[in-house]
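Report on the following structure.
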Amino acid sequence: MVSRLKVYNTLSREKEIFTPISSPYVGMYVCGPTVYGDAHLGHARAAITFDIIYRFLQHLGYKVRYVRNITDVGHLENDADEGEDKIGKKAKLEKLEPMEVVQYFTNRYHRVMEKLNVKSPSIEPSASGHILEQIKMTEEIIKNGFAYVTRGSVYFDVNKYAASNDYGKLSGRVLDDLVAGSRELDGQKEKKNSLDFALWKKASPEHIMRWDSPWGEGFPGWHLECSAMSAKYLGKTFDIHGGGMDLMFPHHECEIAQAKASNKTAPAKYWLHNNMITINGQKMGKSLGNFITMDELFSGKHELLERAYSPMTIRFFILQAHYRSTLDFSNEALLAANKGYKKIANGIKIIKQLTHNGTAEKDNKLIEEINKLCDICYNGLLDDFNTAITIADLFNLLKKINSFYTRQLNIDLLDEETFLKMKNTFLILTEEVLGLSNENIARPESFIDGLLLIYKAAKDNKEYDKVDQIRSFFKNEGLVIKDMKHGIDWAYEE
RNA sequence: GGUCUCGUGGCCGAGCGGCUAGGCAGAGGUCUGCAAAACCUUUUACAGCGGUUCGAAUCCGCUCGAGACCUCCA
C-alpha cells in the first residue's frame with residue numbers, strides 16, 4: 001500500500017509520510033483517562049481526535065489494533081512523597097472501595113463515549129490489571145542499570161539514562177534547563193536527582209491500593225503502566241502513540257525512557273498529540289477547575305452554558321478545528337456548530353433518498369466538477385487528519401447535493417459512476433470516517449399527539465375516509481386509537 | 001526564570017510564498033399561498049513596525065498581546 005497519508009510526528013516536529021512498521025497492520029496506543037472524575041470537554045477532544053485517526057486508518061485499509069488504557073492506580077496528586085493516589089483519595093472521600101470508584105467512572109466514561117459515537121478501542125487495559133508486567137519491567141530496568149532502589153521505592157535514574165540517550169527529545173527539553181527550572185518538592189530526598197521519577201513506590205501505612213513486590217508492598221509509578229501495557233499488546237515497537245499535549249512532558253518522555261531502558265528500543269514510531277480546549281483563552285483543566293463535564297454540556301446545566309448541546313454538536317464542534325490547534329469554547333461557537341451539524345445531518349438524510357436515472361444525456365462539465373469536488377474531500381484528512389478542511393470541502397459538495405435535491409440541477413445529467421461516487425464520498429466521510437451519525441432529534445409522542453388532533457377534527461367533520469386513513473397509519477406502527485367518551489388517546493396494539 | 005506556541009473579518013475556524021477555505025451571523029436575490037429549507041450574489045481580514053522576494057496572512061527581525069509546558073491535567 002502506497003501511503004499518501006501524512007502525519008505530524010512530535011518526535012521530528014515534521015509531517016512525515018505514514019508508513020507502518022508492518023503494513024497493513026497498525027498498532028496504536030493512546031493514553032486514556034484516569035477514572036476518578038467525570039469526563040470533560042478535554043477528554044472528549046482526545047477521544048474524538050484518535051477516534052478519527054482510528055476510523056480513517058481503517059478506511060484506508062489498515063488493520064488497526066487500538067489500545068487505550070484506563071488509569072486506575074498510581075496516578076498521584078503531585079510528585080511529593082505524601083502525594084495521594086487520585087483514586088485512593090476519592091475512595092476515602094466517598095467511603096468506597098477504590099475499585100468501586102474505578103468502575104463507576106469507567107462506566108460513565110464509556111456512556112459518554114458512546115453518545116459521542118467514539119468507537120471502543122480494540123483493547124482497553126487497566127493499570128491495576130497489569131501489576132505483574134509493571135514489576136517485571138521495573139526489574140528489567142534495574143538489571144540494565146537505569147534504576148535504583150531506595151527504602152522500598154524504585155526510581156529511574158535520569159542522569160544515567162541521559163548519558164547515553166537523548167532524554168527530552170520528544171518534549172524539546174534540555175536536561176540542564178529542567179534541572180534549573182525544577183521546583184523543590186518535599187520528600188525528594190529519596191531521589192538521587194530531582195528529575196528521577198518513580199517506577200515503584202513504597203506504600204505508606206494509610207495507602208489503600210498496594211501490591212506485593214520484590215521491594216515490599218507498594219504500587220507502580222504512573223508512567224510505567226503505559227510502557228508495560230503498550231509493549232504487552234502492541235510489541236516493543238509499534239506505530240502510533242497518542243495523547244494530549246499536556247502529557248508530552250513528563251509522561252511520554254518517561255515512557256520513552258522506560259521503554260528504551262528495559263526493551264532497548266524506542267516504543268513508538270510516530271508520536272501524535274492533540275491540543276487543548278480553552279475557555280476564555282485559558283486551558284480547560286482539572287487543576288484550574290474551569291472544566292465543563294460532558295453531562296453538563298448534554299443537559300445544559302452549568303452556569304457558563306446558555307443551553308444544552310447534543311453529543312453530535314460537540315463532536316462537530318471539535319472536528320471543525322484541526323486537532324493540533326487550541327480550540328476555544330464559547331456558547332456562540334457551539335451554537336454555530338449546532339447549525340453546521342444540522343446542515344450535514346440534512347445532507348446525509350437527503351442523499352440517501354436521491355435516485356438516478358442513467359438514460360438521460362450527460363453533462364461532462366458537471367460530471368467533471370462533481371468528481372473534482374469528491375476527490376478534494378480526501379485531501380484534508382490525508383494531510384495530518386485535518387478534519388476542518390475536509391468538512392469545508394464536504395460543505396462545498398453538499399451545495400451540489402442540495403441543488404440536485406431541489407432540482408435546481410438535474411441529477412440525471414450525471415453518469416451512474418459519478419452519482420455513486422458522490423453518494424459514497426459524502427456518506428462514507430460523514431458517517432463512517434467523521435462519525436457524524438444522525439441523532440434522533442424528533443420526539444415521536446408529539447407527532448402522535450398532532451395526528452390525534454387531526455383525527456379528532458376529521459371525526460367532528462364526519463370525514464370518515466380520513467379517519468380510517470389515520471387509523472391505518474397507527475396500525476402500521478403497532479398502535480391503536482382509543483375513542484372514549486371523555487376523549488381520545490392511543491395505546492399499544494395488543 | 002527556562003523552553004515553546006499562538007495573535008486571521010461580528011463570532012468560530014482553515015491556511016505552511018502567488019489561486020474565493022468553510023460554518024455561524026448580516027445584506028440582497030431566486031423559488032414559494034405564507035413560512036422554512038435550499039440555491040445564487042454580497043459587505044467587514046490577516047496584532048503593529050521593519051526586512052527578504054517579481055509577489056507574504058504565509059519566510060526573517062523587532063515591538064505589543066495571549067497562552068502552554070517546566071507539579072497533577074486529555
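The shown structure was predicted, so the numbers you read here are calculated from the model rather than taken from an experiment. Naming convention: chains lettered A, B, ... in sequence-line order (proteins, then strands); numbering from 1 in each chain.
Regarding contacts with the backbone of B:G23, every side-chain N or O of A:N338 stays at 4.0 angstrom or more from both OP1 and OP2. For A:K399, no side-chain nitrogen or oxygen approaches OP1 or OP2 of B:A38 to under 4.0 Å. A close approach under 4.0 Å does not occur between any side-chain nitrogen or oxygen of A:S171 and OP1 or OP2 of B:C70. OP1 or OP2 of B:C24 sits under 4.0 Å from a side-chain N or O of A:K343. Taking only side-chain nitrogens and oxygens, A:K283 comes nearer than 4.0 Å to OP1 or OP2 of B:C69.
Comparing B:G13, B:A38, B:G2 against the side chain of A:L327 picks out B:G13 as the nearest.
For the C1' atom pair drawn from B:U8 and B:U3, the interatomic distance equals 26 Å after rounding to whole Å. Rounded to whole Å, the C1' atom of B:G10 lies 35 Å from the corresponding atom of B:U52. Comparing the C1' positions of B:C12 and B:U44 gives an interatomic distance of 16 Å, to the nearest angstrom. Annotation: B:U42 and B:G51 have their P atoms spaced 35 Å apart (nearest Å). Nucleotides B:G23 and B:G33 have their P atoms positioned 28 Å apart, rounded to a whole Å. Across the P atoms, B:G17 and B:G65 are found 30 Å apart, a figure rounded to whole Å. For the C1' atoms, the distance from B:A56 to B:C49 is 15 Å, rounded to whole Å. The C1' atoms of B:C4 and B:U53 are separated by 28 Å, rounded to the nearest whole Å.
Contact annotation for A:N346: no contact, since no heavy-atom pair falls under 4.0 Å across all strands. Counting any heavy atom pair closer than 4.0 Å across all strands shown, A:N274 reaches a base atom. Counting any heavy atom pair closer than 4.0 Å across all strands shown, A:S403 reaches sugar-phosphate atoms only and no base atom. A:M248 comes within 4.0 angstrom of nothing in the nucleic acid, heavy atoms only.
Between A:I318 atom CD1 and B:G13 atom C1' the separation is 14 Å, expressed in whole Å. Rounded to whole Å, the distance from CG on A:N396 to C1' on B:C39 is 13 Å. Atom CD1 of A:I389 is separated from atom C1' of B:G23 by 14 Å (rounded to the nearest Å). Atom pair A:F249:CZ and B:U3:P shows a separation of 15 Å (rounding to whole Å applied). In this structure, A:N379 places its CG atom 16 Å from P of B:A21, rounding to the nearest Å.
We find that A:K15 and A:D383 are joined by a salt bridge, their nearest charged nitrogen and carboxylate oxygen being less than 4.0 Å apart. A:K301 and A:D295 are not joined by a salt bridge, as no carboxylate oxygen comes within less than 4.0 angstrom of a charged side-chain nitrogen. A salt bridge does not link A:E206 to A:K92: none of the charged side-chain nitrogens sits closer than 4.0 Å to a carboxylate oxygen.
For the pair A:N386 (side chain) and A:A388 (backbone), a donor-acceptor distance under 3.5 Å is present.
Interatomic distance, CG of A:D412 versus CG of A:N357, reported as 4.5 Å (0.5 Å rounding).
Pairing of B:A38, defined by two Watson-Crick or G-U wobble distances under 3.5 Å, is identified with B:U30.
In terms of position on RNA chain B, the residue among A:N280 and A:K286 whose nearest nucleotide sits closer to the 5' end is A:N280.
Figure legend: A:R68 and A:F50 shown without cation-pi pairing, the cationic atom not lying both under 6.0 angstrom from the six-membered ring centre and within 45 degrees of its axis.
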